[in-house]
Amino acid sequence: MKTHVLGFPRMGVQRELKFALESYWKGNSTLDELSKISRELRLNHWSVQKKAGLSCVSTGDFSWYDHVLDTAVLLGVIPKRFRDLPSGGAELYFAMARGDQKKNIPAMEMTKWFDTNYHYIVPEIEADCSPRLSSSKIFEETREAVEAGFDVKPVLLGPISFLALAKDVDGFDRWSILPQLLAVYKEILTILSANCQWVQLDEPVLCSDMSEKERNHFTTAYQFLNSSNINIKILLTTYFDELDDNLDVALDSGCAGLHLDLVRGGKNLDEILNRFPENMILSAGIVEGRNIWRNDYAASLDILNKIQAKLGRDRMMLASSCSLLHCPETLECETKLDSEIKSWLAFASEKCQEIMELKTLVTEEAACDALQNNQFVIESRRQSRRVHNESVQKRCTEITDEMKHRKDSYALRKDAQRWLNLPLFPTTTIGSYPQTDEIRRHRNDFIKGSITEEAYNSFIENEIDKVVRKQEEIGLDVLVHGEPERNDMVKYFGDQLAGFCVTQNGWVQSYGSRCVKPPVIYGDVSRPHPMTIRWIQYAQSLTKKPLKGMLTGPVTILCWSFVRDDLDRSEVCQQIALAMRDEVCDLEKAGIHIIQIDEAALSEGCPIKAKNRPDYFRWAVGAFRLTTSGVENSTQIHSHMCYSEFNRMIHAIADMDADVISIESSRSKMELLEAFADFEYPNEIGPGVYDIHSPRIPSKEEIIDLLHKAVAWIPAERLWVNPDCGLKTRSWDEVVPSLENMVAAARTLRCEHQK
Ligand code: GLN
Ligand code: ZN
């Protein structure tokens, strides 16, 4: 029975890769130095897998930016605008990922990897694209591992997922390059076959809704690869959901092995086992690759024993459910974590050990210690007083439908909100203002204990003074406090809510060198004390203009945390919603009558398969409404979502019933408002009028242009004027003139409409 993981985290425990990359990009270190650190990291990661006892280590899973980009480079799928750059080198690779400022070549697009918070680079398939083997990275890394004495299993993104995740350029049908692509895959597998028995071809699209056409392409592709007489076994890996409609093509693929995600999939395991082809090996993805909880061995053994009884141990492999890319590397450095909570966790390294222990348990009846120890931990978590809070559970049972509805409909609320006295085209911002080095320094000093709480608090008050004054000078209509006390919109609340804890090194790659450290939700969630009132109330005391209070919504807090697996996500979300509802009501009591609840992750939490979406939107929108519906009609609720793909969720957005939503729309030049117009979206909208990701200062004229476009879709009385998102990554000398132009543009539109 072979054991393996589908991939290992790349960054290093102390985010060594992040710092090496950023130093190289800044020109502070050489490519040799970056390569050296990368090699050390790979060796390290392979050693962890080998030390745990896994049958082989994964190669090719390491990446300087993203594995989809690596695949595009490997296959020679390079968009035209990059073709003048020297082929195969780091310059080309990083230009594709990040753009080339000097040569003025824009980067490739980036988007979310299925329903994770990892982002991949979207391959662009142009009409003249001619795939050919164009990189030796995977061969070199595989050889490197072999030479260091490891048994290897190279990992590659499969051709069907590669094309499914790519985009057509200028209407060219990307599927038409499949035959050429397959020829390159054949070449790759042939070269790899010198060093390994198995190759892992990832086809996660098999766990999404595929069209009949895509399924046919899949069948063609795998028939071709499996009849190519290459001396290599293909392990076809699927993950993130059930196979459902794609089960047949997976079983009939002719691959030597099929990997199933038994954590998120496997509901119909019995049926799968009954139909499992005789010459196929099943790789059982039993240890969760996307979360951080210890595996429940008793539950896993039930499943594994069933597979063993049906297929026999020679036709089984044991594995992580998906790549471990989505969890942190090791618990070893978590010295500050509460020891009881720590005993409930397993990061990537510990998961490798779990796979081995499970193997021992299925294959050797005598090995009972591991099971007993494991069950002791599982039971301690089940019973722990830290996890269960009766008053929270009781409160959840008392939630009524009424609590999820504002007192009256938007039409009546609009009247009740007239007292806010806002002009036509009111101007506002999304919440954060520049997070200067000074702010960061003070925050770090406070965490380290080198300045007192008093000193820190008065520093923050000073910052708020500054931000409020600046906004008054700029002439904005609805002000914010600027969020200087927050470094992260989820962690700030995670730090203060009960049921949450934070790790020291629990970093997970989000994109490129960017990592996030999601808080851990281990127990029932409650709010021991108000979290934001002090700062927001202080800000309001400084101005006569209305001040908008800022909170993060329950769905976003859920999506950007590691969530307990012993309670349904919808229920965890509801608990967070109750806690945030208390905060909303306290803000209102404190005299804040405009409150924004950010739901940046609402779209990301959306299930991969269409059939699961209605249920998600029901509870996710329900949680938002539970958060916001405790206030009077006269209080105005805002929400903010920073993306522009609203078509599949416009119903849900309308259902949230926020009085005002702000969205990202400058890049689509307001085009996305069409969806809102078609839907006859009834409430107010602030379409972003400039891109905050760029240092460029938008002119008054271009903002006026965009607003003219917006007015064509949405009636003027329902339009707000704001940037695409928060301003924390920008500098003050970009922010002030940009907002001045924005305010001037809004005034121009006001004049045009009051005539
Ligand atoms: N209020 C947050 C900010 O302005 C919103 C951030 C976000 O949507 N990602 O930074
Ligand atoms: Zn945003």
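Counting starts at 1 for both ligands and their atoms, following the listed order. Here, residue 1 is the first one in the sequence, and each next residue gets the next number.
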> What part of Met641, side chain from CB on, backbone N/CA/C/O, both or neither, has a heavy atom under 4.0 Å from ligand 1?
Replying inline: neither

> What's the shortest distance from atom 6 (C) of ligand 1 to any protein heavy atom, and which residue and atom give it?
Replying inline: Met489 SD, 3.5 Å

> Heavy-atom distance to atom 1 (N) of ligand 1: which of Thr556, Asp598, Ile692 wins?
Replying inline: Asp598

> For the rings on Trp713 and Phe676, is their centre-to-centre separation under 6.0 Å?
Replying inline: no

> Where's the contact between Cys642 and ligand 1, heavy-atom distance under 4.0 Å: side chain, backbone, both or neither?
Replying inline: side chain

> Counting from 1, what ligand 1 atoms have a heavy atom of Gly726 closer than 4.0 Å?
Replying inline: 3 (C), 4 (O), 10 (O)

> Can you give me the NE2-the Zn ion (ligand 2)-SG angle for His640 and Cys725, to 10°?
Replying inline: 120°

> What residue and atom, counting heavy atoms only, is the protein's closest point to atom 10 (O) of ligand 1, and at what distance?
Replying inline: Ser432 OG, 2.7 Å

>> Taking Ile608's backbone N and O only, do any of them form a donor-acceptor pair with Arg613's side chain (distance below 3.5 Å, no angle check)?
In response: yes

>> Which residue in the set Cys642, Ser432, Ser662, Ser666 passes side chain to side chain contact (heavy atoms under 4.5 Å, CB included) when paired with Cys725?
In response: Cys642

> Considering only heavy atoms of Glu483, which atoms of ligand 1 have at least one such atom less than 4.0 Å away?
Replying inline: 1 (N), 2 (C), 3 (C), 4 (O), 10 (O)

> What atoms in ligand 1 come closer than 4.0 Å to a heavy atom of His640?
Replying inline: 8 (O)

> Do the numbers put Arg290 on top of the ring of Phe240, so that NZ or CZ is under 6.0 Å from the six-membered ring centre and no more than 45° off the axis?
Replying inline: yes

> Where do Ile430 and Gln596 come nearest, in terms of heavy atoms and distance?
Replying inline: O-NE2, 3.1 Å

> Above 12 or not: heavy atoms from other molecules or residues under 6.0 Å from CZ of Arg648?
Replying inline: yes

> Do Glu702 and Arg696 meet the salt-bridge criterion of a basic N to acidic O distance under 4.0 Å?
Replying inline: yes

> Hey, which atoms in ligand 1 end up nearer than 4.0 Å to a heavy atom of Gly431?
Replying inline: 4 (O)

> Is Lys728 salt-bridged to Glu483, going by a charged N under 4.0 Å from an acidic O?
Replying inline: no

>> I'd like to check which ligand 1 atoms, numbered from 1 as shown, lie under 4.0 Å from a non-hydrogen atom of Cys725.
In response: 7 (C), 8 (O), 9 (N)

